[in-house]
Amino acid sequence: MVATVLLCMVPGTTAHAAGDACHIKQLKKARVTASVRFKHEGEDFTKAEGRLTVKVPKSWGRAADLLLNGDTERYRTAMRCLLRDPDDPFPYRDTEGRIEPPTVTVEEGWVTVDQRVTTWVVNLQTRHFGPWSLTVGNRLWRLELMRPPALDKAWWQKITVDLGGRAARSVSSAPTAGATTKLAWTREKAGTKPPEVRVTLQPPGARAFAARWSEHPWYVISSLGWLLLDGVFLVLLLVTTRTVRRAPVSAPRTDAETRTARNLLVMSWLAFVVAVVQVLDDVLLAHFADQETALFWTDQHRTAVHFGLTLLAGLALCVFGMPGRSAVGLVVAATGYVIAVACRPEWFALPSQMWLNWENAPDEVRWFRESGAMVAFAGACACVVFVWLVGATASMLRLWRSSDPSTTGRAWGRFPHVLLVAMVLVSVVVSAVSVWTAENLWEHQSWLSRRNAYEIYGVWHVATLFNELRWFPSDWLDWFHGSYFWWSAPSLAVLAVLRARAKAEPQAAVVPPPVELRALKVFFVVCVAPVAGWYAGVPLFLLPLLALWLALTGLLALGTRRAVLYQQLLPGHRLHEVAKESDRRQLLKAARSHRELHAQLRRVEQGQQEGDRSELEHELDRLHRLPHPSPPPGVSNTWVRLPFSIGPVELALAWGPRTTWWGNACRGAYFAALVSAPAVAIVIWADHVRGIQWTDKFLQRFGFVDMVMGAVIMELLWVGAGFTLGALWRVLPGRRGPARASWLALVYAVPVLIHLAGSRTVDQPFGTWPLHLSLTLLVLTLTGVAMDVDTFRGEKRYWPTRASLLLSVYQWRTASVQMAFLVGQLVALVTIWQQMKGNDPMILIERSPSDSAGGEDSGN
């Protein structure tokens with residue numbers, strides 16, 4: 001449609017000039033091959049890969065232009081002749097993905113152009129890619145070859161269609177070779193008429209279903225599935241708040257306990273309300289526009305509504321966070337500017353409806369360009385980002401500082417002015433990068449347009465660029481809150497509650513009390529556990545989430561039976577009830593003596609040392625005892641033997657490196673932060689850099705910011721996993737750190753395994769989950785080993801290396817098993833790495849249909 005309107009606006013001699021420019025008669029000698037290959041299995045959406053290879057003689061008048069720089073007009077003209085309609089000076093495609101420009105090679109007598117393109121069937125839109133057109137219906141799809149007009153008389157040597165293992169429903173014209181799922185049309189000699197290729201195919205039900213879920217009204221149901229997950233988290237957080245309020249640690253309740261419980265309640269509701277606003281701002285506005293409901297807001301002033309909803313959500317965070325005066329002043333100024341832009345766009349040379357109609361109002365576009373209105377709009381976007389950054393940062397600071405008994409209310413959300421300046425800079429950079437990526441996306445989609453001949457191209461360019469950028473406030477809310485804030489803020493609120501309760505305990509508990517265990521379960525589910533369960537476009541998160549909750553509950557129940565400190569010393573007396581805080585130093589001393597005596601006993605057995613074996617065994621027996629918790633009256637120094645298979649070393653390791661469970665949790669978080677740094681780099685490579693993902697960052701609005709945030713969040717997730725491991729250190733079954741870590745990693749893997757079963761059912765890819773699981777197990781294992789070594793940190797000065805201390809702590813036989821376990825993890829990790837190196841991920845550069853449904857043309 002865009003091309004048709006443009007052609008009506010240019011002079012009538014355009015077609016004749018374009019035909020002469022291509023020297024069509026000379027292209028009769030060209031040799032062409034075309035192919036398309038569908039891939040249904042192992043994909044979220046059906047993937048179609050097209051290829052067009054054109055060999056033109058060197059005598060063709062534009063053959064030399066194919067070797068010029070891609071920014072030159074002669075290069076674009078030559079490529080239009082071979083790849084598109086030469087009579088269309090402004091070709092534009094937003095459904096065609098290209099990793100790189102067409103490859104041009106020179107041979108004796110020939111110049112070859114090889115173009116490879118890709119498209120993903122994510123909706124029912126007709127998709128043009130390369131020389132192919134794919135019309136997507138509810139159940140049947142129609143593929144058609146669209147030959148470039150300049151090559152209509154060329155020799156089309158071979159055309160192949162690979163339907164991806166699916167037989168066609170109809171084919172015309174009849175193929176000359178191939179099989180049921182692979183068709184081929186060949187022409188043995190030049191001068192024959194090219195075939196007319198039309199194929200109707202029926203994709204697998206899951207792929208067709210996934211494409212339909214991007215359409216109205218199904219995308220509303222999909223988003224409500226995400227909102228259901230937010231609702232489940234809200235229930236878990238509210239139950240946690242009620243539990244901690246009903247069971248205070250101290251009497252009377254400390255101010256920190258009261259503040260953190262109140263903050264958890266407020267943040268739980270605030271995160272949920274913002275999630276509701278996100279759904280309203282995104283899919284519900286599109287739904288109302290499709291239903292032609294309240295068109296004044298959903299159609300004519302939709303961008304202003306996006307600004308308003310996103311700004312209100314950010315201001316709500318600022319109210320909760322209570323930042324300092326300087327931050328409040330800047331937030332008020334930024335809010336005022338955004339309101340002025342949204343309510344009075346004409347003051348800034350912006351269109352009244354925040355949409356440029358270059359077809360019917362080109363003068364308005366010219367005024368927009370000459371007045372620098374793009375800068376004014378980008379400034380409003382930067383102000384929205386700034387309000388959100390201030391609100392999110394202040395809220396996080398309030399949540400954490402409220403757990404400190406010495407913190408006053410006035411200083412809760414304040415932060416240094418240096419951080420405030422950094423927020424201003426980040427806001428400006430995010431907005432500027434968004435304009436830059438929108439320009440890159442435009443270049444990617446209109447790379448063959450003729451840019452120097454017609455003034456209307458500049459009008460079209462500016463209008464499309466702004467119409468793409470106008471979605472910034474909605475996209476920011478979806479990205480920042482929908483990807484990060486909705487779970488990170490409640491997680492920190494739960495963590496603050498645990499910290500306040502740990503500091504308020506009058507007498508430190510050896511193991512986490514029941515209330516703390518419930519809060520830790522919620523923290524693990526909300527913060528650490530993976531969110532999985534997306535099948536054929538349908539979000540089904542409750543089943544993996546329920547499996548995770550049951551697995552974690554079962555693990556804690558198993559720990560209360562099998563963990564070392566939960567073993568019974570006497571009927572009615574467990575080890576964690578007998579071994580007090582004051583006994584820890586004696587336990588470490590006994591564990592060291594136990595290891596030394598075992599080493600002497602082994603040397604005596606091997607004949608390397610002389611000694612009395614019975615005397616060594618007697619000393620070992622003395623170490624396998626604890627004082628009687630309630631000796632009979634009149635009897636002193638009564639000892640009770642430790643349970644079978646539990647010695648002083650196991651008892652010391654079960655206690656952990658710190659005196660309290662909270663100290664162990666902080667220590668586990670510290671070690672996880674150290675050992676996970678290389679793992680974060682691997683994940684960033686796999687999820688953001690591998691294959692064509694790095695190139696795609698230049699086209700995504702928040703591509704580079706998302707990569708930075710992804711690195712920070714992955715580090716925090718593994719820190720949270722290490723914190724949970726340390727907090728549950730005395731509850732988890734197992735006698736060594738790697739064993740405890742393996743149990744927690746198994747629980748982490750439960751929702752992913754459920755997701756694997758569902759993915760295999762609908763034949764979806766498993767993505768990078770194997771890499772994530774392997775790295776999580778490795779990070780937790782190394783954290784467990786570091787915790788064990790840190791338990792005996794007082795002996796470090798007696799050992800040349802920590803490895804020597806580790807071997808002494810584990811005893812060599814056990815250490816060999818642990819080392820073999822670590823080596824096995826590394827081998828698995830390397831194997832996964834090798835498999836992923838040659839497996840390119842899926843990339844989508846087009847806008848989600850729900851973003852533009854019901855509104856004006858957004859430039860896509």
Side-chain angles (χ1 to χ4, degrees), residues 15-38 48-68 74-88 91 96 98 101-117 128-134 142-163 168 170-179 181-199 448:
H16 180 72
D20 292 339
C22 288
H23 308 286
I24 295 179
K25 293 183 179 180
Q26 300 176 14
L27 290 175
K28 291 183 178 180
K29 299 179 180 180
R31 302 176 181 181
V32 186
T33 60
S35 65
V36 64
R37 183 173 70 92
F38 287 90
E49 298 176 324
R51 183 175 183 180
L52 179 66
T53 303
V54 183
K55 296 182 66 174
V56 297
K58 286 185 177 180
S59 58
W60 181 46
R62 291 205 170 270
D65 297 342
L66 297 172
L67 300 174
L68 299 179
R74 293 169 59 186
Y75 172 87
R76 287 192 288 264
T77 301
M79 284 295 178
R80 276 199 307 272
C81 294
L82 302 182
L83 306 180
R84 304 284 177 86
D85 185 353
D87 293 339
D88 179 7
E96 178 182 277
R98 294 176 293 106
T103 303
V104 181
T105 57
V106 180
E107 304 172 359
E108 184 177 356
W110 299 93
V111 178
T112 303
V113 176
D114 187 11
Q115 183 194 37
R116 300 172 184 262
V117 294
H128 299 285
F129 59 106
W132 301 97
S133 173
L134 181 64
R142 182 181 181 184
L143 177 71
E144 183 177 1
L145 176 66
M146 302 184 304
R147 298 188 304 271
L151 298 177
D152 201 46
K153 301 298 182 180
W155 180 12
W156 288 75
Q157 295 177 308
K158 188 174 184 180
I159 302 171
T160 57
V161 175
D162 184 349
L163 298 177
S170 66
V171 179
S172 64
S173 58
T176 56
T181 62
K182 296 181 180 180
L183 310 175
W185 291 260
T186 59
R187 293 294 184 263
E188 299 297 334
K189 57 182 180 179
T192 56
K193 184 179 179 181
E196 302 291 336
V197 179
R198 297 183 182 88
V199 181
L448 285 181

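Note that the numbering runs from 1 along the sequence shown for the chain. Keep in mind the model is a prediction, meaning the values are calculated, not measured.
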(message) Run the side chain to side chain contact (heavy atoms under 4.5 Å, CB included) test on Leu82 and Leu66 for me, step by step, so that the C-alpha distance in whole Å, both residues' side-chain angles and the decisive distance to 0.1 Å come before the verdict.
(response) CA-CA 10 Å; Leu82 302 182; Leu66 297 172; 3.9 Å; yes
* **salt bridge (charged side-chain N to carboxylate O under 4.0 Å, His left out) between Glu96 and Arg116, intermediate numbers included** => CA-CA 10 Å; Glu96 178 182 277; Arg116 300 172 184 262; over 6 Å; no
* Show your working on salt bridge (charged side-chain N to carboxylate O under 4.0 Å, His left out) between Arg147 and Glu196 and close with a plain yes or no. => CA-CA 9 Å; Arg147 298 188 304 271; Glu196 302 291 336; 3.1 Å; yes
- Message: Let's go through Arg74 and Thr77 carefully: what are the C-alpha distance in whole Å and the side-chain angles of both, what is the deciding distance for side-chain hydrogen bond (donor to acceptor under 3.5 Å, both in side chains) to 0.1 Å, and is it a yes or a no?
- Response: CA-CA 5 Å; Arg74 293 169 59 186; Thr77 301; over 6 Å; no
(message) Determine whether Arg187 and Gln157 satisfy the following criterion, side chain to side chain contact (heavy atoms under 4.5 Å, CB included), listing intermediate values before the conclusion.
(response) CA-CA 5 Å; Arg187 293 294 184 263; Gln157 295 177 308; over 6 Å; no
Mind running side chain to side chain contact (heavy atoms under 4.5 Å, CB included) on Thr192 and Trp156 for me, showing each step along the way? CA-CA 9 Å; Thr192 56; Trp156 288 75; over 6 Å; no
Q | Audit row: Thr160, Lys182, side chain to side chain contact (heavy atoms under 4.5 Å, CB included) steps and yes/no | A | CA-CA 7 Å; Thr160 57; Lys182 296 181 180 180; over 6 Å; no
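Remark: Arg31 CZ to Thr53 OG1 distance equals 13.5 Å, nearest 0.5 Å. For the atom pair CE (Met146) and CD (Glu144), the distance works out to 7.5 Å, reported to the nearest 0.5 Å. Annotation: the span from Tyr75 atom OH to Arg62 atom CZ amounts to 13.5 Å, rounded to 0.5 Å. Atom CG of Leu448 and atom CG of Asp85 lie 11.5 Å apart (nearest 0.5 Å). Atoms CD1 and CH2, from Ile24 and Trp60 in turn, are 10.0 Å apart once rounded to the nearest 0.5 Å. Rounded to the nearest 0.5 angstrom, Arg76 CZ and Cys81 SG are separated by 13.5 Å.
Formation of a donor-acceptor pair under 3.5 Å by the Thr33 side chain with backbone atoms of Lys158 is not found in this model. Here the side chain of Ser35 pairs no donor or acceptor atom with the backbone of Gly50 at under 3.5 angstrom.
The two residues Ser173 and Trp185 come nearest to each other via the heavy atoms O-NE1, 2.9 Å. Listed here is the closest heavy atom pair of Leu134 and Phe129: CB-CE2, 4.1 Å. Heavy-atom minimum distance, Cys22 versus Pro86: SG-CB, 3.3 Å. Among all heavy-atom pairs drawn from Val113 and Val104, the shortest one is CG2-CG2, 4.3 Å.
Using a 4.5 Å heavy-atom cutoff, the side chains of Lys58 and Val106 are in contact. Taking 4.5 Å as the limit, some side-chain heavy atom of Leu183 sits within range of a side-chain heavy atom of Val171. Looking at Met79 and Asp65, their side chains never come closer than 4.5 Å, going by heavy atoms from C-beta outward. Side-chain contact between Ile159 and Pro195: present, with at least one pair of heavy atoms (C-beta onward) separated by less than 4.5 Å. The side-chain heavy atoms of Leu151 and Val54, taken from C-beta on, include a pair separated by under 4.5 Å. Taking the side chain as every heavy atom from C-beta outward, Trp132 and Val36 approach each other to under 4.5 Å. At least one side-chain heavy atom of Arg80 sits under 4.5 Å from a side-chain heavy atom of Pro91. Residues Leu83 and Gln115 form a side-chain contact, since some pair of their non-hydrogen atoms from C-beta on lies under 4.5 Å apart.
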